[in-house]
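Here's the structure, in structure tokens; my notes come after.
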Amino acid sequence: MTTAEWLDIGWVDQIPVRGSRTVKVEGGDDIALFRTAEGKIFALRDRCPHKHGRLSQGIVHGGAVACPLHNWRISLATGEALGEDKGCTPTVPVKIDGGRVLLCRASTLRAAA
Amino acid sequence: MKYRPITAESDTRDHLVVIGNGMAGCRAVEELLARDPSRFRITIFGAEPRVNYNRIMLSPVLAGEKEFGDIIINDADWYASNGIALVTGDPVVAIDRSAKTVTTRSGLVERYDRLLIATGSNPFIIPVPGKDLPGVIAFRDMDDVNAMLAAADAGKNRGGGAAVVIGGGLLGLEAAHGLSLRGMKVTVLHLMPTLMERQLDEAAGWLLKQALEARGQTILTGADTAEIVGEMKVEGVKLKDGTLIPADLVVMAVGIRPSTQLARDAGLAVGRGIQVDDHMVTSDPAVLAVGECVEHDGQVYGLVAPLWDMCRSLADGLVDKPTGYRGSVTSTKLKVSGIDVFSAGDFSGGDDCEDIVLRDASRGIYKRVVLRDDRVVGAVLYGDTADGNWYFDLLKTQEDVSALRDILIFGQAFAFGGGRADPKAAVAALSDDAEICGCNGVTKGQVVSSIAKGAHSLDAVRSSCKASASCGSCTGLVETLLALTLGDEVRSGPKTLCKCTSFGHDDVRREIIAQGMRSIPEVMQKLHWATPDGCASCRPALNYYLLCALPGAYQDDQQSRFVNERLHANIQKDGTYSVVPRMWGGITSPAELRAIADVVEKFSAPMVKVTGGQRLDIFGIKKEDLPAVWADLNAAGMVSGHAYGKALRTVKTCVGSEWCRFGTQDSTGLGVKIERMSWGSWMPHKFKIAVSGCPRNCAEATIKDFGIVCVDSGYELHVGGNGGIHVRATDLLCKVASEQEAMDYCAAFIQLYREEARYLERTAPWIERVGLDYVKARLVEDDAGREALRARFLVSQSFSQDDPWAQRAEGAEAEHHAPMARFTPQEELA
């Protein structure tokens, strides 16, 4: 349920396993939601720290996503670029409640700004 | 299985009869054959109705990580090709040492010159009431595994059955893990206060208990079983404190006892096991014994490693080059995926011992190395067992470690290089006796000797000495040994598909077909992928290989495709997409042009451009608008141009004989026909075709993957060209007389490329790798082969020529396009 702190986005099942969906934030960047093979949900600003590729369009593997533009691997948990690359994408805390995906409202606004 | 004598009466060699078709019996025979393949006529008797398999891999079978076929050590061909007679399902019940014969249950009598007893051990069944109820089993052979799988299956209909495992040792915990993965509610009963107390100290036992409980198992320590209750079958287990635990299945895994009855009845000297000397000879010089059934120097072993040592000594003695077995120091690894536990030697401690302990709670790591007189005498590792082999090696060699004392606990990499060690140096430093492959008991010396004898690839090592052929956890070590032994030569071997696997592209494709694999998870499981769900390199490759192997039957995995193939459009740097409708042979019409113009205006596309392949490319389309764009283009009769895919891109044409004063054939018409035939097919990489109407070659057919140059007398077919960073002009494949032949060759060439090139390998590097002669041999010199390739291409095409745009425009996979939610600050979610 949407509250002052949390935004109710939808059902976990709406996000494909090893896939992603986006949340459009009026006046800001999209937020990308990811669901890993293990069923964990993560949220990041939908922008690669490298050249702003849409991370939501990348291939999700393990706990990371490969950016579709230049194959940077971004950690879903921390937003940090993995391997040799350096950079970080803001993360948004996610909570699952009764199968619903809840996003931290304040962090969503910060990440989208 | 019926007894099949396969040796002639005239065979006068000594007859070696082996009782026991298990790991020890077969290993002893293998060791013997390796030394002298023709010395003995050999007959093996096995109680189980199957060929020889790797018993220690039953746990992964139970856990669903392997299948029975994966753990077979020697298949029926091995027995046949080595001239070994195998009698299965008919156990030996008596030995007559004075007549030198054995008798089986069915009454078969066989004479021996040398007899080898390898009867292994029997599970110990605790003598409590109810122990014989149906549903009470051990964990010893494939029949037990099948019984457990059946119980788990039966439980599924009732929301998961309940299992009780009695015994919290190595075997019991592996059984519990497998049953838990199979959906059963599992309770482990352990008499002692900590799990695996013979192999682990209290701290590691506690960590293990925590980890197993976190996975949903119930672990009761200090639990003393009083009775197994049930009317017709097992219904529960009652403890001495009165607790009753319901159960549909009870697995007894409290220990094993050497199987000595046969030897005892024959009057051989038997203590705890069948007593043998250093050459595995019993109290009767004609009778040998090996494995878990024997007692050597007062010791009885229940692990696999001593068995390898015993078999070596036994075979050395049999060929009259005795070396002598001196007992084994053992180490233990728990095969529960995700929980790494290792122990070796003596860790009971004492006043004369020093403990070095490292704990890292956040990573769940506990390491303890026990030293006595500056030598390693024991090690317990929990959570990070990478250095297990190193400590074990130090333990066995009894090397003085005083110089390493301060850094010993941080592991080998640190000890040999201060944190950024060279892993090669670490492997090079291992002694020749260091065990590389625990599953098959292969030492570093044996691997190096296999490589020296010509096994120059991982596969060759696997098949020659079996290292890395079972669970694959030592693959990295074997590869390092290859690199160390061969130096630069090893680099000429096939590259692995990616870092997730030790297999190359060709190996993976061969295995997919040979084993009939049908999904990406299946491939990853069977080929021991090192990552849980692959990476952005291997997933698209596997998806393609499966798609190619199983036309029409494979369920395409969208999450394993690059974004362009998932959205059927080309992603641009700003996150918008470009859309290219197909124009057959580069021909368009007023209606199509009008529809394209309308789309450009309706969706405010900022640019429309003619591509290098004679198509129109509409830029700047938003992801959520793509289905509507395609609906409009579909309405005008246009389909996806696949300008985004590892697929047929375009067939470029010139105007040909219909208009051009130089044209020799109808190049445009042929181009349209070829594009209609080949559109929609997925390939290892993008694929471009062109048809030029005369040798002036206006369609640039000689830098295409497949190019046709029309001449007066027919059609020249060219292959393997591309533009790009490294321009490559085509090679002339052949010349044909008719349009139909040109199309047939084209289809066959595409299929050969689809089936044999590696993912992301274009035709140019592929042909340079395999050679033009090879392609000619397959397509030009082999008419039947060419026709078969063409037919397979057409079958595959019958499933792939579905316009992906039409499906999406009708709403398929809408989740790829629409956002999941919209959020307008100051308001609630839309």
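In what follows, chains carry the letters A, B, and so on, assigned in the order in which the sequence lines appear, proteins first and then strands, with residues in each chain numbered from 1.
For Arg566(B), the part sitting under 4.5 Å from any heavy atom of chain A is the side chain, from C-beta outward, and nothing else. Asp30(A) does not touch chain B: none of its heavy atoms, backbone or side chain, sits under 4.5 Å away. Heavy-atom distances place the backbone of Gln572(B), and not its side chain, under 4.5 Å from chain A. The part of Thr108(A) that comes within reach of chain B is its side chain, from C-beta onward, which places non-hydrogen atoms under 4.5 angstrom from that chain. Contacts of Val60(A) with chain B are made by backbone atoms alone, with heavy-atom separations under 4.5 Å and no side-chain atom involved. With a 4.5 Å cut-off on non-hydrogen atoms, Val65(A) does not touch chain B at all. In this structure, chain B has no heavy atom under 4.5 Å from any part of Ile31(A). For a residue to count as touching a neighbouring chain, one of its non-hydrogen atoms must lie under 4.5 Å from one of that chain's; by this rule Asp557(B) touches chain A with the side chain only. No part of Glu813(B) comes within reach of chain A, as not one of its non-hydrogen atoms sits under 4.5 angstrom from that chain.
Distance check: Leu33(A) CG to Met820(B) CE gives 5.5 Å after rounding to the nearest 0.5 Å. Going from atom CD of Glu26(A) over to atom CZ of Arg822(B) covers 9.0 Å, rounded to the nearest 0.5 Å. Taking CD of Gln57(A) as the start and OH of Tyr577(B) as the end, the distance is 3.5 Å to the nearest 0.5 Å. Considering NZ of Lys573(B) and CZ of Arg54(A), their distance stands at 12.5 Å, rounded to 0.5 Å.
The shortest non-hydrogen separation linking Ser56(A) to Lys623(B) is OG-NZ, 4.4 Å. Summarising the geometry of Ile59(A) relative to Pro540(B), their closest heavy-atom pair is CD1-CG, 3.7 Å, with the distance given to 0.1 Å. Here the closest non-hydrogen pair linking Pro68(A) and Ile571(B) is CG-CD1, 4.0 Å.
Atom CD of Glu38(A) has 12 or fewer heavy atoms from other residues, nucleotides or ligands within 6.0 Å. By the 6.0 Å contact criterion, CD on Glu213(B) is enclosed, its count of non-hydrogen atoms from other residues, nucleotides or ligands being greater than 12.
Within the 4.5 Å cutoff, side-chain heavy atoms of Arg539(B) are placed close to those of Arg18(A). Gln559(B) has its side chain out of reach of Arg35(A): every pair of non-hydrogen atoms, C-beta onward, lies at least 4.5 Å apart. Between Pro819(B) and Val23(A) there is no side-chain heavy-atom pair separated by less than 4.5 Å. With contacts defined as side-chain heavy-atom distances shorter than 4.5 Å, the pair Phe823(B)/Arg105(A) qualifies.
Under the 3.5 Å distance criterion, the side-chain polar atoms of Asp533(B) are matched with a main-chain donor or acceptor of Gly62(A). Between the side chain of Arg73(A) and the backbone N or O of Cys535(B), no donor-acceptor pair lies under 3.5 Å.
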